[in-house]
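When a ligand or atom number is given, it counts from 1 through the structure's own listing order. Numbering of residues begins at 1 and proceeds along the displayed sequence. The analysis underlying the following values was restricted to heavy atoms, covering all of them including side chains, and did not include hydrogens, waters or symmetry mates. Please read all numbers here as calculations on a predicted model, not as lab measurements.
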Amino acid sequence: MQEIIIENKQKYLDENYPFVDIPKLSDQKLCIHCDKVIKVVDYKVIQIKSGHEFICCPNAPECNGTVIDWIDID
Ligand SMILES: [Zn+2]
């Protein structure tokens, strides 16, 4: 696994976010894996051996949560 540096984080989100409701970089979410509020702008992208890329919790690699583990906060 290695982290990939993303230059345009909003564009990457727009193109790779797995759900319809694409967050803004200024949004905050709760990561249910590490139970911390994260800023979307701080997300990391991790590439695994097969070449697949995952949008991960900013607290990776300590937290192995990915974008599907983020829930909205009010
Ligand atoms: Zn997390």
Side-chain angles (χ1 to χ4, degrees):
M1 295 202 313
Q2 66 172 22
E3 184 179 351
I4 296 177
I5 304 303
I6 304 298
E7 289 186 11
N8 188 333
K9 286 189 138 183
Q10 185 65 60
K11 181 164 179 278
Y12 187 91
L13 262 194
D14 292 346
E15 293 174 350
N16 296 281
Y17 195 72
F19 307 115
V20 177
D21 192 15
I22 300 170
K24 295 190 200 69
L25 293 183
S26 57
D27 288 350
Q28 294 193 336
K29 302 276 189 183
L30 176 68
C31 173
I32 58 173
H33 252 265
C34 59
D35 200 28
K36 293 201 169 95
V37 173
I38 57 102
K39 294 178 188 166
V40 172
V41 69
D42 292 331
Y43 76 79
K44 292 182 177 177
V45 175
I46 306 289
Q47 186 179 51
I48 61 172
K49 276 185 184 166
S50 66
H52 284 94
E53 297 171 11
F54 293 92
I55 300 170
C56 295
C57 177
N59 299 319
E62 289 78 17
C63 172
N64 61 4
T66 68
V67 65
I68 63 170
D69 300 305
W70 300 352
I71 60 173
D72 289 333
I73 50 173
D74 303 307

**Message:** Using the ring-ring contact (aromatic ring centres under 6.0 Å, His included) criterion, which residues pair with Y17? Sequence neighbours excluded.
**Reply:**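 Once residues adjacent in sequence are excluded, the partners of Y17 under the ring-ring contact (aromatic ring centres under 6.0 Å, His included) criterion are F19.
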**Asked** Do the side chains of T66 and I55 get nearer than 4.5 Å, heavy atoms only?
**Response**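 A side-chain contact under 4.5 Å is absent here.
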**Item:** side-chain hydrogen bond (donor to acceptor under 3.5 Å, both in side chains) involving D35 - partner list, sequence neighbours excluded
**Value:**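 side-chain hydrogen bond (donor to acceptor under 3.5 Å, both in side chains) check on D35 returns nothing, list empty.
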**Asked** Looking at residues at least two apart in the chain, or sitting in another chain, which of them share a side-chain hydrogen bond (donor to acceptor under 3.5 Å, both in side chains) with S50?
**Response**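 Once residues adjacent in sequence are excluded, the partners of S50 under the side-chain hydrogen bond (donor to acceptor under 3.5 Å, both in side chains) criterion are H52.
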**Request:** State whether a side-chain donor-acceptor pair under 3.5 Å links E53 with Y12.
**Result:** yes
**Complete:** With a cut-off of 2.8 Å, strictly less than, protein N/O/S atoms near the Zn ion (ligand 1) add up to 4
**Request:** Measure the spacing between CD1 of I4 and CD1 of I6 and express it to the nearest 0.5 Å.
**Result:**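 Reported value, rounded in 0.5 Å steps: 5.5 Å.
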